[in-house]
Amino acid sequence: MSDLLQTPLHDLHVKLGAKMVPFAGYSMPVQYKLGVMKEHIHTRTKAGLFDVSHMGQVMVQGDGAAAALEMLIPVDVVGLGQDRQRYGFFTNEAGGITDDLMLANRGDHIFVVVNAACKSADIAHMKANLEPAVQVMPITDRALLALQGPSAEAMLSALDPAAAQMKFMDVATLSLNGAECWVSRSGYTGEDGYEISVPNGQAVALAEALIAHDDVEPIGLGARDSLRLEGGLCLYGHDIDTKTTPVQAGLTWAIQKVRRAGGDRAGGFPGAEIILEEMDAGAARKRVGLHPEGRAPMREGVPLFAAAEGGAEVGVITSGGFGPTVEGPVSMGYLPTDLAKPDTVVYGELRGKRLPLTVVKMPFTPANFKR
């Protein structure tokens with residue numbers, strides 16, 4: 001663990017009794033004293049505070065920054081309103097996803113948040129393709145916190161009342177516990193909540209001010225994973241990767257009409273021909289929600305078959321575990337399109353035995369975003 005990077009909140013995690021594990025090159029809390037199950041339920045019923053400072057924060061600045069980003073990202077960046085945020089992804093020439101991300105229009109720059117494991121490659125990719133026409137500036141002096149759950153609005157608006165006025169995917173600069181914070185109303189749990197970029201030197205004080213409330217508990221990576229899985233949200237490197245297109249992953253909702261075939265700014269991003277063709281003709285496989293029979297979870301890597309006996313492998317589970325909110329196992333994975341319809345029964349092979357799973361619609365638990 002000694003060679004791992006640490007976030008500005010590392011000592012606070014240790015003080016709070018967190019179990020620390022290696023994750024994306026960082027020492028990160030996987031759970032606290034409550035344990036994963038109770039942390040999950042607390043986030044769904046009250047509010048959880050997550051340290052996500054390992055993720056990459058980047059400013060893209062200069063005339064034409066939005067148009068420049070559209071050469072790398074198949075979403076509408078130019079048409080994104082000021083102080084609004086959007087989900088997107090980088091693609092490669094084969095139409096695969098090299099990372100997913102959030103981007104926000106802050107007026108004089110685009111603020112981008114990328115995944116921890118991909119941030120060095122993402123920053124290099126942006127610099128190589130966008131500079132010197134625009135500037136790509138990594139932000140290394142700010143931590144990133146996520147406050148998620150139905151009590152999040154009350155907790156944050158007690159520090160700055162303007163938090164309550166924000167809607168889902170709004171972005172604002174708020175004063176929280178004396179710190180100037182860049183805040184979005186979004187997150188990775190399916191719950192209402194906020195993501196908060198705070199100067200490194202003020203991050204611990206803000207975290208302590210929030211967890212001082214009975215409604216707020218610190219939450220680790222374990223519950224973060226079960227929450228996002230119940231929400232039907234992809235984890236990069238597992239449910240989406242360089243060999244998975246946005247169409248196969250069910251992410252075409254993130255490609256706005258203007259970037260699709262016939263749109264004013266159609267294509268122009270890596271893999272556009274492949275992605276737009278799949279959007280028109282359909283993909284050979286699809287990401288689906290899966291409900292295993294019984295109580296035993298089926299996790300990543302379990303092969304899927306069309307029949308209880310015989311036949312070749314037809315798909316694979318990419319994420320799976322126990323869903324505390326739904327009180328049962330949940331999985332997601334990929335199947336051929338003709339097997340991807342809800343209520344289709346397939347079979348996962350565990351220790352040489354095939355057990356049934358039913359294809360279901362996602363999310364497994366309804367989203368509670370403030371529209």
Side-chain angles (χ1 to χ4, degrees), residues 1-16 18 20 22-29 49-62 65 69 82-83 85 90 99 101-128 130-132 134-148 156 159-160 162-163 166 170-188 193-211 218 221 224:
M1 296 282 281
S2 60
D3 59 343
L4 295 173
L5 299 171
Q6 297 180 357
T7 75
L9 276 73
H10 180 272
D11 290 349
L12 178 60
H13 298 316
V14 174
K15 176 184 171 183
L16 293 171
M20 306 299 289
F23 184 81
Y26 284 79
S27 175
M28 296 293 292
L49 185 69
F50 303 77
D51 179 10
V52 289
S53 305
H54 58 313
M55 299 182 76
Q57 303 179 64
V58 186
M59 279 187 181
V60 181
Q61 193 165 28
L69 275 169
Q82 185 166 334
D83 295 328
Q85 181 175 251
F90 293 117
D99 196 14
L101 53 94
M102 301 298 291
L103 57 92
N105 177 1
R106 297 313 314 268
D108 65 345
H109 68 275
I110 306 294
F111 179 57
V112 182
V113 177
V114 297
N115 283 304
C118 303
K119 65 182 176 183
S120 294
D122 290 346
I123 291 166
H125 180 56
M126 287 189 281
K127 282 183 171 290
L130 303 181
E131 291 184 340
V134 299
Q135 293 75 53
V136 177
M137 297 171 287
I139 298 165
T140 58
D141 61 352
R142 300 182 77 90
L144 194 63
L145 307 177
L147 182 66
Q148 301 281 290
L156 210 63
L159 299 178
D160 189 330
M166 298 173 68
D170 277 353
V171 182
T173 299
L174 304 182
S175 178
L176 303 175
N177 202 50
E180 182 185 277
C181 298
W182 309 336
V183 180
S184 65
R185 192 155 195 170
S186 59
Y188 190 51
Y194 303 85
E195 294 196 329
I196 306 158
S197 176
V198 53
N200 283 341
Q202 294 165 288
V204 170
L206 176 58
E208 289 179 329
L210 289 167
I211 61 176
L221 293 173
R224 182 173 169 84

Engineer: Do V52 and Y188 come close enough that some side-chain heavy atom pair is under 4.5 Å?
Structural biologist: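 V52 does not reach Y188 side chain to side chain.
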Engineer: Just by distance, do the side chain of N115 and the backbone of A117 share a donor-acceptor pair under 3.5 Å?
Structural biologist: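 Not a single qualifying donor-acceptor pair exists.
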Engineer: Could you check V198 against N177 for side chain to side chain contact (heavy atoms under 4.5 Å, CB included), going step by step and ending with a plain yes or no?
Structural biologist: CA-CA 10 Å; V198 53; N177 202 50; over 6 Å; no
Engineer: If I compare all heavy atoms of F90 with all of L101, which pair ends up nearest, and what's the gap?
Structural biologist: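 F90 and L101 have their closest heavy atoms at CE1-CD2, 3.3 Å.
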Engineer: Minimum heavy-atom separation for L12 to E208, with atom names?
Structural biologist: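 Smallest interatomic distance, heavy atoms only, reads CD1-OE2, 3.8 Å.
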Engineer: When you measure from the side chain of Q135 to the backbone of K127, do you find a donor-acceptor pair of N or O atoms at a distance under 3.5 Å?
Structural biologist: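 No; judged by distance alone, with no hydrogens or angles, the pair does not exist.
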Engineer: Could you walk me through whether M20 and L4 pass the side chain to side chain contact (heavy atoms under 4.5 Å, CB included) check?
Structural biologist: CA-CA 11 Å; M20 306 299 289; L4 295 173; over 6 Å; no
Engineer: Could you go through the side chain to side chain contact (heavy atoms under 4.5 Å, CB included) check for V183 and L176 one step at a time?
Structural biologist: CA-CA 10 Å; V183 180; L176 303 175; 4.0 Å; yes
Engineer: Answer yes or no: is there a side-chain heavy-atom contact under 4.5 Å between Q85 and L103?
Structural biologist: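 With C-beta onward as the side chain, the pair stays apart.
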Engineer: Looking at side-chain heavy atoms only, is the closest gap between F111 and V171 below 4.5 Å?
Structural biologist: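 No. Closest side-chain heavy atoms not under 4.5 Å.
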Engineer: Are any of the side-chain heavy atoms of M126 and L69 separated by less than 4.5 Å?
Structural biologist: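 They are in contact (side-chain heavy atoms under 4.5 Å apart), so the answer is yes.
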Engineer: Is there a side chain to side chain contact (heavy atoms under 4.5 Å, CB included) between L156 and L210 once you walk through the steps?
Structural biologist: CA-CA 8 Å; L156 210 63; L210 289 167; 4.2 Å; yes
Engineer: Which residues pass the side chain to side chain donor-acceptor pair (under 3.5 Å) test with R185, not counting sequence neighbours?
Structural biologist: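 Partners of R185 by the side chain to side chain donor-acceptor pair (under 3.5 Å) criterion, ordered by chain and then number, come out as E153, D192, Y194.
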Engineer: Under the salt bridge (Lys or Arg N to Asp or Glu O under 4.0 Å) rule, collect the residues that match up with R142, sequence neighbours excluded.
Structural biologist: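 Not a single residue meets the salt bridge (Lys or Arg N to Asp or Glu O under 4.0 Å) criterion with R142.
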Engineer: For the pair W182 and H109, name the ring-plane relationship: parallel under 30°, tilted 30 to 60°, perpendicular over 60°.
Structural biologist: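 Because their plane-to-plane angle lies in the 30° to 60° range, the rings of W182 and H109 count as tilted.
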Engineer: Any sub-3.5 Å donor-acceptor pair from Q202's side-chain atoms to G178's backbone N or O?
Structural biologist: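 Indeed, once roles are kept as given, a pair shorter than 3.5 Å links the two residues.
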Engineer: For M55 and V113, work out which heavy atoms get closest and say how close.
Structural biologist: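 M55 and V113 have their closest heavy atoms at CE-CG1, 4.1 Å.
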Engineer: Might you point out which heavy atoms bring L16 and I211 nearest each other, and give the distance in Å?
Structural biologist: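 Looks like CD1-CD1, 3.7 Å.
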Engineer: Are D99 and H125 side-chain neighbours, meaning at least one heavy-atom pair lies under 4.5 Å?
Structural biologist: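 Of all side-chain heavy-atom pairs linking H125 with D99, none is under 4.5 Å.
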Engineer: Does the D83 side chain pair with the main chain of A172, one donor and one acceptor, at a distance under 3.5 Å?
Structural biologist: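 No; zero donor-acceptor contacts below 3.5 Å.
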Engineer: Identify the heavy atoms of L145 and A203 that sit nearest to each other, and give their distance.
Structural biologist: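 Reported closest heavy-atom pair: CD1-O, 4.3 Å.
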Engineer: If you look at every heavy atom in I110 and N105, which pair is closest and at what distance?
Structural biologist: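 The answer is CD1-CA, 4.1 Å.
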